[in-house]
Amino acid sequence: MTVQAVIEQEKLAQFEAKIENEIKIEPNDWMPEDYRKHLIRQISQHAHSEVIGMQPEGNWITRAPSLRSKKILLAKIQDEGGHGLYLYAAAETLGVSREQFISWLHEGKAKYASVFNYPTLNWADIGAIGWLVDGAAITNQVSLQRTSYGPYSRAMVRICKEESFHQRQGYEIMWRMMEGTKDQQRMAQDALNRWWWPSLMMFGPHDTDSPRSEKAIQWKIKRESNDRLREKFINKTIPQAELIGLKVPDPELRLNEDGTYQHGDINWDEFYAVINGNGPCNKQRLQHHIKAHQDGAWVRETAAIHQQKMNNHGKH
Ligand code: BYC
């Protein structure tokens, strides 16, 4: 064995010992190339999800039914933008620039959560997103607080604090609609019918069909499997639906003896169509992001000139 190979083996052993002992991996630590690549892909996709996720909700800011609901929705959407920033910053510590992440998104090389490719047709959809989409996201993110990469883990701690407010915001909308007129109740049920399955798809393919899971769990990037997280979400969400008189749109749903639920088949053809760019709103979401990015070019240029001036000033 060459000296170089012995050194590499030693570095790998140290890395694995840290993972084993729950010591976070930090940006300047040695890490296997595939570990770095998994993180670059997952964290940047997560960041894109937060930012693209602002679009379906932003659609309803001007039409929120009261000043109170408008203020809450505005605050929530601003939080999502902030989450995107923490996550891009965490991903940049892995040696890829923000510009590169954005280019990959615009070129269709990077994904973002499939659920944001569905339209928000009415105000009840804002309730369903907060309750179900943020509810699904937080189920995943609570487990990601313990992810092995330090910057990702710390970003998750902050994000989770805000996500629980988002979930409450959505549930409150649904609950108030269910206390309202027959039409409002119908709207709430219709929103649940349309968002239930896309929310279950947020957790990704079944464990047996998830090519990236095995390594990610071994390296403690993912702390729980896609199916386990999906089950957790279902188990906590169904009683919430029942409490306010909503019915989950799954005729095959069964309550097991141990209090957990068994659900019907997920339409994976639809899932793969959406993640491959052919969902109802994929093109619109991407075009909107590209346009906003182009329109904001002058801000980035001005900030860069200002930064340059500050740097020059510091030199003298
Ligand atoms: N959507 O082997 P798998 C929010 C892809 S936003 C799209 O299981 P992995 C909010 C997967 O990327 C927070 N793509 O992969 C914001 C992979 O493709 P590539 C949203 C998906 O990485 C505004 C392939 O399928 N949360 O809360 O081990 C308003 C095979 O999958 C999806 C996150 O972004 C999907 N649903 O596990 C309101 C969570 N599922 O990359 C709310 C962060 C799978 O090989 N991400 N794919 O081409 C993760 O936790 C993991 O990456 C996943 C997938 C569980 C999603």
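First listed ligand is number 1; within each ligand, the first listed atom is number 1.
- Residue Ala216 does not touch ligand 1, judged by heavy-atom distances below 4.0 Å.
- Using a 4.0 Å cut-off between heavy atoms, His166 makes no contact with ligand 1 at all.
- Taking a cut-off of under 4.0 Å to the non-hydrogen atoms of Gly204, the atoms of ligand 1 that pass are 40 (N), 44 (C).
- Atom CD of Glu179 has more than 12 heavy atoms from other residues, nucleotides or ligands within 6.0 Å.
- Every atom of ligand 1 is numbered from 1 in the order shown, and the set under 4.0 Å from a heavy atom of Gly53 is 23 (C), 29 (C).
- Between Asn193 and Lys247 the shortest heavy-atom distance is OD1-O, 4.2 Å.
- With a 4.0 Å heavy-atom cut-off, ligand 1 is reached by the backbone of Tyr112 but not by any atom from C-beta on.
- Atoms of ligand 1 lying under 4.0 Å from at least one heavy atom of Phe203, given by number and element, are 55 (C).
- Remark: among candidates Gly170, Ala47, Ser49, the nearest residue to atom 34 (O) of ligand 1 is Ser49, based on non-hydrogen atoms.
- Taking atom 56 (C) of ligand 1 as the reference point, the nearest protein heavy-atom neighbour is Met202 O, 4.0 Å.
- If you look at Lys76 next to ligand 1, the close heavy atoms, those under 4.0 Å, all belong to the side chain.
- Residue contacts with ligand 1, taken as heavy atom pairs separated by less than 4.0 Å, involve Asn226 solely via side-chain atoms from C-beta onward.
- Between Tyr272 and Trp268, the ring planes are tilted. Angles from 30° to 60° get that label.
- Remark: ligand 1 atoms within the under-4.0 Å shell around heavy atoms of Pro205 are 8 (O), 31 (O), 44 (C).
- Under 4.0 Å is where a charged nitrogen must lie from a carboxylate oxygen, and between Asp125 and Arg194 at least one such pair does.
- Taking the charged nitrogens against the carboxylate oxygens, Lys18 and Glu26 have no contact shorter than 4.0 Å, which rules out a salt bridge.
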Working for side-chain hydrogen bond (donor to acceptor under 3.5 Å, both in side chains), residues His206 and Asn226: CA-CA 6 Å; His206 285 309; Asn226 296 1; over 6 Å; no
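- Using cut-offs of 30° and 60° for the angle between ring planes, the Phe101 and Trp104 rings count as perpendicular.
- Each of the atoms 39 (C), 49 (C), 50 (O) of ligand 1 lies under 4.0 Å from some heavy atom of Asn140.
- Closest heavy-atom approach to atom 35 (C) of ligand 1 among the candidates Ala110, Ser114, Gly130, Gly84: Ser114.
- Regarding atom 28 (O) of ligand 1, its nearest protein heavy-atom neighbour is Lys222 NZ, 2.6 Å.
- Between Lys76 and Asp134 there is a salt bridge, since at least one side-chain N of the basic residue sits less than 4.0 Å from a carboxylate O of the acidic one.
- Remark: Pro65 pairs with Ser69, Trp123 by the side-chain contact (heavy atoms from CB on, under 4.5 Å) rule, at least two apart or across chains.
- At a distance under 4.0 Å, a protein heavy atom can be found next to atom 10 (C) of ligand 1.
- Counting atoms of ligand 1 from 1 in the listed order, those under 4.0 Å from a heavy atom of Ala137 are 27 (O).
- Taking atom 41 (O) of ligand 1 as the reference point, the nearest protein heavy-atom neighbour is Arg41 NH1, 2.7 Å.
- Close approach of ligand 1 to Ser210 (heavy-atom distance below 4.0 Å) involves ligand atoms 2 (O), 3 (P), 8 (O).
- Of the protein's heavy atoms, Asp134 OD2, 3.5 Å lies nearest to atom 42 (C) of ligand 1.
- Between Ala113 and ligand 1, no pair of N/O atoms sits closer than 3.5 Å.
- The aromatic rings of Phe233 and Phe203 sit tilted relative to each other, their planes meeting at an angle between 30° and 60°.
- Salt-bridge check for Glu16 with Lys11: failed, with every basic side-chain N at 4.0 Å or more from each acidic carboxylate O.
- Protein heavy atoms are absent from the 4.0 Å sphere centred on atom 53 (C) of ligand 1.
- Remark: minimum distance from atom 47 (N) of ligand 1 to any protein heavy atom is reached at Phe271 CZ, 4.0 Å.
- Of the listed options Gln42, Glu224, His83, Gln55, Gln42 places a heavy atom closest to atom 49 (C) of ligand 1.
- An N or O contact shorter than 3.5 Å links Met201 to ligand 1 by distance.
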Determine, stepwise, if the pair Asn235 / Glu231 fulfils side-chain hydrogen bond (donor to acceptor under 3.5 Å, both in side chains). CA-CA 6 Å; Asn235 294 347; Glu231 270 168 36; 5.4 Å; no
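- Here's the thing with Glu80: none of its N/O atoms is less than 3.5 angstrom from an N/O atom of ligand 1.
- Salt-bridge formation is detected for the pair Glu224/Lys232: a Lys NZ or Arg NE/NH1/NH2 atom is positioned less than 4.0 Å from an Asp or Glu carboxylate oxygen.
- When hydrogens are left out, the protein atom nearest atom 30 (C) of ligand 1 is Pro211 CD, 4.0 Å; that is the closest non-hydrogen contact.
- Of all protein heavy atoms, the one lying nearest to atom 12 (O) of ligand 1 is Gln45 NE2, 2.9 Å.
- Contact of the Gln240 side chain with the Tyr171 side chain is registered, since non-hydrogen atoms from C-beta on lie closer than 4.5 Å.
- With respect to atom 24 (C) of ligand 1, the closest heavy atom belonging to the protein is Ile275 CD1, 4.7 Å.
- Distances below 4.0 Å separate heavy atoms of Gln141 from the following atoms of ligand 1: 13 (C).
- When the heavy-atom distances from atom 5 (C) of ligand 1 to Lys111, Arg212, Glu50 are ranked, the shortest goes to Lys111.
- Listed here is the closest heavy atom pair of Gln141 and His46: OE1-NE2, 2.7 Å.
- Residue Asn21 places its CG atom among more than 12 non-hydrogen atoms of other residues, nucleotides or ligands, all under 6.0 Å distant.
- With respect to Lys220 and Glu22, a salt bridge is recorded, a charged nitrogen being found less than 4.0 Å from a carboxylate O.
- Ionic pairing of Asp190 and Arg186 is not present here: no N-O contact between side-chain nitrogen and carboxylate oxygen is shorter than 4.0 angstrom.
- In this comparison of His206, His46, Glu162, Glu57, the heavy atom closest to atom 13 (C) of ligand 1 sits on His46.
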